[in-house]
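Take a look at the structure set out below.
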Amino acid sequence: LHPRVRRQRQMCIRDRKGVLMMIWKRAIRYVARKRSKCLLIFMILFIIGVFILSTLTVKRTLRVSEEHLRESLGGSFEINVKYSKDNPYYHEEEVEENGAKDILMYSTKQLSSDLIKRIEEIEGVKFCNGTTETLCQVEGIQSIQGTIALDEEFKNLKKMVATNDSKTNEDFISGKVKLIKGRPLTSKEQGAVLLSREIAELNRVNVDDKIMILDNSGKSVPVTVVGIFEPQIDEKALDMVTAYDKLQNRIYTDLKTLLNVEKQDYIYGYDKILVTIKDPACLEKIIKKIKKLEGFDNKAFEVNANNETYQTTISSLKKIDTITDILLWICIGISIVILTLVLTMWNRERIHETGVYLALGIKKRQIISQYLLEVLLIGSVAFSIAYLPSKAVAEEFIEYTVTNEKVDEVSEEGLYLESLNDGTLDHADSEFTEYEAQIKIGVVEIIKLFLIGLSLIGISISFSTLYILKMRPREILSKMC
């Protein structure tokens, strides 16, 4: 560039810096000099800051609580074989045993292990567990009798539950039963069983011992006891239950062992698959994917999804979140109106000062920038101090709305784990309440407060200084007289 042009540019830059410095100096001097008027603006901005930051903190707490609930509650649904005439593979046969007639119901289309593997590969699925049941006799193993009397031939019947993995079996994850010795069943098992502690002690059976289960033809099927479990639910004295329905008499095993005992061509898979997912909000999406999988037959299988617990639990949080959104927007609207009115009256009182600035050759834009900077300086201090009481205000709001309303609904409806074990686990309620009480003001909320607050100030200054922009310099100078 030509030296003259370069010097002119440098002079322009110095002039701009000088103007900005003058604006800063005038703004700081005015705030320091007019303390009483600035105190009024400070109190207004402080109250606005506390309300906005408290509302943003409540929204953050609700969001974090929702994420925590979605993680802790999880979600689940069942895939069952249809035992009805809607299933084209469903059959009913009349059988006679020991002079008594009965109806045998079965489906030639069942849930396979391959389908379980495909479901487990879907994103969002936590684990997948298949089960099927039958009754069996075990050589030399006595049963604990139930409260309902049975004929001699049925007294020692036991319910055999086949599962692909005992760790993810519904009874174990819900807390109905607990493995206390040995190892769990896995998908690679064959000829392995889990017995209850009472049955093991009654019949002097230990881990790694072999027992014989009788198949339908009366032949012995050798199995190995790989683990001992203990029921965690106490049966009531008045409960009417048969011997084979008692948890103490239950035998958990693998599918191959159950098939060796049953020896029926139409039995080759599971009756039910329990699918547990990570996020209950994705339940419908995952179900749609499962229905498109190879091996899933919509005519033979049905999906029973119960998402009411999650929806009930989360509905109150959504309701409070909506209320906070409305309150936030109302607060912003009222704040703009109040701040505009106060600043308008303030600026009208400064008409003489404005005229002096104009007489000195200071442009309107620079004058308005000074007025804006003055309020921004006050607002920055007010919003910074608003951090101190905002947490307490948010805690009171949460205590009054979320804790009293939300937790009551959760305790009435019950949580996912509680629904699995008929109410034996209720620790999730306390976990939710305790987590929800951890109210924190994050950096994001503080940044949002300053962005909203500075935007409010900018809008209010724009409205309150409209009359300066509309008036001509001569009109403003004439009002000085």
Heavy-atom pair of closest approach, residues [X] and [Y]:
X: V207; Y: K181; result: CG2-CG, 3.9 Å
X: S335; Y: L456; result: CB-CD1, 4.0 Å
X: E445; Y: L53; result: O-CD1, 3.8 Å
X: N164; Y: G130; result: OD1-N, 2.8 Å
X: V50; Y: S54; result: O-OG, 2.6 Å
X: G379; Y: L45; result: CA-CD1, 3.4 Å

About how many Å separate [atom2] of [Y] and [atom1] of [X], when rounded to the nearest 0.5 Å?
X: E120; Y: T276; atom1: CD; atom2: OG1; answer: 10.5 Å
X: I457; Y: L339; atom1: CD1; atom2: CG; answer: 6.5 Å
X: I116; Y: C128; atom1: CD1; atom2: SG; answer: 5.0 Å
X: T340; Y: F463; atom1: OG1; atom2: CZ; answer: 6.5 Å
X: L377; Y: I41; atom1: CG; atom2: CD1; answer: 13.0 Å
X: I52; Y: K448; atom1: CD1; atom2: NZ; answer: 12.5 Å

Does some side-chain heavy atom of [Y] sit less than 4.5 Å from a side-chain heavy atom of [X]?
X: N298; Y: F296; value: yes
X: F51; Y: L328; value: no
X: V275; Y: I119; value: yes
X: V381; Y: S384; value: no
X: D254; Y: T163; value: no
X: I173; Y: L274; value: yes
X: L293; Y: I122; value: yes
X: L185; Y: D165; value: no

### Task
List the steps, then state whether side-chain hydrogen bond (donor to acceptor under 3.5 Å, both in side chains) holds for T242 with D245.
CA-CA 5 Å; T242 57; D245 281 326; 2.9 Å; yes
### Task
Given side chain to side chain contact (heavy atoms under 4.5 Å, CB included), test L343 with V375 step by step and report yes or no.
CA-CA 9 Å; L343 291 175; V375 184; 3.8 Å; yes
### Task
May I have the step-by-step check of side-chain hydrogen bond (donor to acceptor under 3.5 Å, both in side chains) for Y270 and N129, ending in yes or no?
CA-CA 10 Å; Y270 299 102; N129 189 270; over 6 Å; no
Are [X] and [Y] ion-paired here, with the side-chain N under 4.0 Å from a carboxylate O?
X: K299; Y: D86; value: no
X: R250; Y: D171; value: yes
X: K272; Y: E170; value: yes
X: E302; Y: K82; value: no
X: E284; Y: K289; value: no

### Message
Is there a side chain to side chain contact (heavy atoms under 4.5 Å, CB included) between V303 and I290? Walk through the geometry before answering.
### Response
CA-CA 10 Å; V303 178; I290 290 175; 5.5 Å; no
### Task
Go through L179 and L194 one step at a time and tell me if the side chain to side chain contact (heavy atoms under 4.5 Å, CB included) criterion holds.
CA-CA 9 Å; L179 187 68; L194 302 178; 4.2 Å; yes
#### Entry: Main-chain N/O of E78 paired with N304 side-chain donor or acceptor, under 3.5 Å
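Between the backbone of E78 and the side chain of N304 there is no qualifying donor-acceptor contact (under 3.5 Å).
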### Message
Tell me whether S196 contacts the main-chain N or O of I199 through its side chain, where contact means a donor paired with an acceptor under 3.5 Å.
### Response
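Such a contact is found between S196 side chain and I199 backbone.
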### Query
So, Y252 versus F172, ring centres under 6.0 angstrom or not?
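Yes, close enough.
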### Message
For E230, run the side chain to side chain donor-acceptor pair (under 3.5 Å) check against Q248, K178, R197 and tell me which one passes.
### Response
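Of all the options given, the one that passes is R197.
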### Query
Going by distance alone, is a donor N or O of one side chain under 3.5 Å from an acceptor N or O of the other, for T322 and D325?
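No - no donor-acceptor pair under 3.5 Å links their side chains.
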### Task
Step by step, work out the side chain to side chain contact (heavy atoms under 4.5 Å, CB included) result for V177 and Q232.
CA-CA 5 Å; V177 296; Q232 301 296 299; 5.7 Å; no
